[in-house]
Structures are given as structure tokens and as C-alpha cells.
Amino acid sequence: MLSLLINTMFFKFQFRNVEYSSGRNKTFLCYVLETQGKESATSRGYLEDEHAAAHAEMAFFNTILPKCDSSLRYNITWYVSSSPCVTCADRITETLKKNKNLRLTIMVGRLFMWEEAEMQAALKKMKSAGSPEASNMSLFFLPHDQFRKDL
DNA sequence: ATTTTCAAT
């Protein structure tokens, strides 16, 4: 199908490991939510930013996270086209510190505003969120990432 | 040429 080809090309364009996200103007967030315990369950979904209204990460916190049961453990995986901005990274850090039942793995397509020192600090803080003995945050870049500096 | 970032018309 032609539409499948176009969708595939668009997906690859959005998740491409480029240095600057010129012309993309969007961020996609695919998530896998695994509930642990007696009744293990997996749900999957996809979110995108609402432009100026809310970034994709905020959309997750506003619409998906409230449906989680704080007495259950969750393994959350995000596949995001862009790394989070400073505000979103801070929100992720806070959320992981506040909710010890969550474990979040983020797979990042490309970096967002990596040159900014504030951005680097926010990502480092996010990566070390949670208790040091049992960190509940993992951050991964593409294996062939050309632009990532050491975190 | 890599060419400027989760829109604004």
C-alpha cells in the first residue's frame, strides 16, 4: 500500500538520528506499559505533542499515568523521536522520585537542544532519578547515535 | 553542504 510506505517514511523521518530536528516540529511517543504482579498486563499506545499546549511527555503524565494504580509496579518503556526538554526532564525526574512503583526506560531517536548546558544537566539528573541502589530510570540512545556526548 | 529544535497560518 502506498499509504503504508508514506507512513513508514514519515516515521523514519521523525525518528532519524539527526543533530537538529529541522522541519519536524513534532515529537512522537510510543509507549509500552507493563503491569507487574499477580495480574500482569501489557498495554501499548502512542502519543504526540499537542504543540504549544503540551509536550508528548506531559500528555503521557496527564492521560496515561493517572490510570495507573499506585499499589502496583509498572515497567514503562518510551520510544520517543526526541529527547525531553528541560521542563519535561524535570517532570520525569520528579515523577520517578515520587512514584517508586514506576520504572521508566526511554529510548531516544535524537537529542533536543543538546548544546544547552541546562539541558545536559536536566538529562543527567533525570538519568540518576530514583534511589541510587535501585535506579528506576534508564536512558538509551540509538546504537549508531552520531551526536551523543558522554552522559 | 549538517545548516538551528515539541508551529503558525
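When reading the values below, keep in mind they use all heavy atoms of this one structure, side chains included, and skip hydrogens, waters and symmetry mates. A note on names: the letters A, B, ... follow the listed sequences, proteins ahead of strands, and every chain is numbered from 1.
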Applying a 4.0 Å non-hydrogen cut-off, can you work out what [X] is touching in the nucleic acid: base, sugar-phosphate, or nothing?
{"X": "A:Ala54", "value": "nothing"}
{"X": "A:Thr87", "value": "nothing"}
{"X": "A:Glu48", "value": "nothing"}

Distance, rounded to the nearest Å, where [X] contributes [atom1] and [N] contributes [atom2]:
{"X": "A:Glu19", "N": "B:dT3", "atom1": "CD", "atom2": "C1'", "value": "9 Å"}
{"X": "A:Asp145", "N": "B:dT2", "atom1": "CG", "atom2": "C1'", "value": "14 Å"}
{"X": "A:Trp114", "N": "B:dT3", "atom1": "CH2", "atom2": "P", "value": "22 Å"}
{"X": "A:Phe112", "N": "B:dT5", "atom1": "CZ", "atom2": "C1'", "value": "5 Å"}
{"X": "A:His55", "N": "B:dC6", "atom1": "NE2", "atom2": "P", "value": "7 Å"}
{"X": "A:Tyr20", "N": "B:dT2", "atom1": "OH", "atom2": "P", "value": "13 Å"}
{"X": "A:Phe60", "N": "B:dC6", "atom1": "CZ", "atom2": "P", "value": "22 Å"}
{"X": "A:Gln14", "N": "B:dT5", "atom1": "CD", "atom2": "C1'", "value": "12 Å"}

Out of curiosity, does A:Val80 fall in the hydrophobic cluster containing A:Val18 (side-chain heavy atoms, cut-off under 4.5 Å, transitive links)? no

In the hydrophobic clustering that connects Ile, Leu, Val, Met, Phe, Trp and Tyr at side-chain heavy-atom distances below 4.5 Å, which members other than A:Phe10 occupy its cluster, ordered by chain and number? A:Phe11, A:Phe15, A:Phe28, A:Tyr46

Hydrophobic cluster of A:Tyr20, others only, ordered by chain and residue number, side-chain cut-off 4.5 Å: none

Of the options A:Leu123, A:Leu139, A:Thr27, A:Asp90, which is the one that meets A:Pro84 in a side-chain contact (heavy atoms from CB on, under 4.5 Å)? A:Leu123

Closest approach to the side chain of A:Ser22, judged atom by atom: which nucleotide of B:dT4, B:dT2, B:dC6 is it? B:dT4

Can you find a donor-acceptor N/O pair under 3.5 angstrom joining the side chain of A:Glu50 to the base of B:dC6? no

